[in-house]
Trainee: 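Encoded as structure tokens, here's the structure I'll be asking about.
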Amino acid sequence: MRIPHILTAVGTSAAALMLTATTATAVSSEVDLGTASPIPGGNSEICAEGGWYTGNDSHRTIACFMKSGDWFHVVDQDADGYAAVALWQVQDARGTVVRQGSVWNNSGYSTHRYKNKDLPEGYDLSIRACVGHWNGGNISIVKEACSAWKEGTT
């Protein structure tokens, strides 16, 4: 009875292949709280403005990425009780997300917070500015207050 052994081997191989495919595509989200230490000199290459429009050409959140050194910069521009958040994704040449995360500024109105990341060079980067709630790390994003994704490279 060789057929049951062959079917068992084929079934086991197929299950292992499916498990490998699903775990390979799962990307965990990195959550970072920005710090007050400033970024080194240079200009941000990608910036997004989000949150609800507050008038006078301002938005509640500005989220920027500086390619030189892989720095994120998040600014809270409204005393509204919400945290300012930068959401980001790094995609490979096929468009597959290989890293993603958020950088939070929960320090209040008119504060700037920074986070240095070590991202792979030459990949596509998307960033968007949002508002959210940071309750001791129990976080939630207000999706309807997020900007459109801005594109660039690492």
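We're numbering straight along the sequence, starting at 1. All of these numbers come straight from a predicted model, not from anything done at the bench.
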Trainee: Given side chains that start at C-beta, do those of Tyr123 and Gln91 come closer than 4.5 Å, heavy atoms only?
Mentor: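 No - every pair of side-chain heavy atoms lies 4.5 Å or more apart.
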
Trainee: I need the Leu33 CG to Thr35 OG1 distance, nearest 0.5 Å.
Mentor: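 It is 8.5 Å, given to the nearest 0.5 Å.
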
Trainee: Are Asp76 and Arg60 ion-paired here, with the side-chain N under 4.0 Å from a carboxylate O?
Mentor: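 No.
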
Trainee: Minimum heavy-atom separation for Gly50 and Ser147, please, with both atom names.
Mentor: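 Heavy atoms of Gly50 and Ser147 come nearest at CA-CB, 3.9 Å.
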
Trainee: Could you go through the side chain to side chain contact (heavy atoms under 4.5 Å, CB included) check for Trp104 and Val74 one step at a time?
Mentor: CA-CA 7 Å; Trp104 289 76; Val74 185; over 6 Å; no

Trainee: Leu125 vs Ile46, test: side chain to side chain contact (heavy atoms under 4.5 Å, CB included). Steps then yes/no.
Mentor: CA-CA 9 Å; Leu125 176 93; Ile46 310 166; 3.6 Å; yes

Trainee: Strictly distance-based, threshold 3.5 Å: is any side-chain N or O of Asp92 a donor or acceptor partner for the main-chain N or O of Arg94?
Mentor: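 Flag set: sc Asp92 to bb Arg94 pair under 3.5 Å.
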
Trainee: Rounded at 0.5 Å granularity, tell me how far OH in Tyr109 sits from CD in Gln77.
Mentor: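 Here the rounded value is 8.0 Å.
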
Trainee: Flag yes if more than 12 heavy atoms outside Asn135 fall under 6.0 Å of its CG atom; otherwise flag no.
Mentor: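 Buried by this count: over 12 neighbours within 6.0 Å.
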
Trainee: How long is the straight-line distance from CD of Glu151 back to CG of Asp124, given to the nearest 0.5 Å?
Mentor: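 Result: 7.5 Å between the selected atoms.
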
Trainee: Which residues pass the ring pair (Phe, Tyr, Trp, His ring centres under 6.0 Å) test with Phe72, not counting sequence neighbours?
Mentor: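 Testing Phe72 for ring pair (Phe, Tyr, Trp, His ring centres under 6.0 Å), a comparison that skips the adjacent residues, returns Phe65, Trp88.
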
Trainee: Would you call Trp134 and Val31 a side-chain contact if the rule is heavy atoms closer than 4.5 Å?
Mentor: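 Yes, at least one pair of side-chain atoms sits under 4.5 Å.
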
Trainee: Describe, in one word, how the ring planes of Trp71 and Tyr114 are oriented to each other, choosing from parallel (under 30°), tilted (30 to 60°) and perpendicular (over 60°).
Mentor: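 Perpendicular: the ring planes of Trp71 and Tyr114 meet at over 60°.
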
Trainee: Taking salt bridge (Lys or Arg N to Asp or Glu O under 4.0 Å) as the definition, give me every residue that meets it alongside Lys150, ordered by chain and number, with sequence neighbours left out.
Mentor: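 Applying salt bridge (Lys or Arg N to Asp or Glu O under 4.0 Å) to Lys150 gives none.
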
Trainee: Taking the side chain as every heavy atom from C-beta outward, state whether Val75 and Thr111 have any atom pair closer than 4.5 Å.
Mentor: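 No, too far: nothing below the 4.5 Å cut-off.
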
Trainee: What do the steps show when you test Glu30 against Gln100 for side chain to side chain contact (heavy atoms under 4.5 Å, CB included), and what is the final call?
Mentor: CA-CA 6 Å; Glu30 303 169 29; Gln100 65 184 359; over 6 Å; no

Trainee: Scan residues 99-154 for pairs that pass disulfide bond (SG atoms under 2.5 Å apart), counting only residues two or more places apart or in two chains.
Mentor: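 Every disulfide bond (SG atoms under 2.5 Å apart) pair that includes a residue of residues 99-154, provided the two are not neighbours, is Cys130-Cys146.
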
Trainee: Does Asp78 use its side chain to pair, donor to acceptor, with the backbone of Asp80 at less than 3.5 Å?
Mentor: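 Not confirmed, Asp78 side chain does not pair with Asp80 backbone.
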
Trainee: Do Leu87 and Ile139 sit in the same hydrophobic cluster, where Ile, Leu, Val, Met, Phe, Trp and Tyr count as joined when their side-chain heavy atoms come under 4.5 Å apart?
Mentor: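 Same hydrophobic cluster.
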
Trainee: Cluster question for you: counting only ILVMFWY and a side-chain heavy-atom cut-off of under 4.5 Å, with indirect links fine, are Trp149 and Val27 together?
Mentor: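 Different clusters.
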
Trainee: Kindly compute the distance separating OG1 (Thr61) from CZ (Arg128), expressed to the nearest 0.5 Å.
Mentor: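 The CZ atom of Arg128 is 12.0 Å from OG1 of Thr61, to the nearest 0.5 Å.
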
Trainee: Nearest 0.5 angstrom please: Cys64 SG to Ile127 CD1, how far?
Mentor: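 Interatomic distance, Cys64 SG to Ile127 CD1, rounded to 0.5 Å: 6.5 Å.
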
Trainee: Decide yes or no on side chain to side chain contact (heavy atoms under 4.5 Å, CB included) for His112 and His73, but give the supporting numbers first.
Mentor: CA-CA 7 Å; His112 296 246; His73 177 197; 2.8 Å; yes

Trainee: Would you please say whether a donor-acceptor pair under 3.5 Å links the side chains of Ser107 and Arg113?
Mentor: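 A donor-acceptor contact under 3.5 Å links the two side chains.
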
Trainee: Measure across Lys67 and Thr154 and return the closest heavy-atom pair with its distance rounded to 0.1 Å.
Mentor: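 Minimum heavy-atom separation between Lys67 and Thr154: CE-O, 3.0 Å.
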
Trainee: Is a donor on one side and an acceptor on the other found under 3.5 Å between the side chain of Asp70 and the backbone of Leu119?
Mentor: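 It does hold such a pair.
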
Trainee: We want to know whether Ser126 and Gln89 form a side-chain donor-acceptor pair, criterion being a heavy-atom distance below 3.5 angstrom.
Mentor: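 No pair is found: no donor N or O on one side chain lies under 3.5 Å from an acceptor on the other.
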
Trainee: Out of curiosity, Arg99 CZ to Ser29 OG, how far, rounded to the nearest 0.5 Å?
Mentor: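 Taking CZ in Arg99 and OG in Ser29, the distance rounds to 11.0 Å.
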
Trainee: Do Val131 and Val85 come within less than 4.5 Å of each other through their side chains, counting heavy atoms only?
Mentor: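 They are not in contact (no side-chain heavy atoms under 4.5 Å apart), so the answer is no.
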
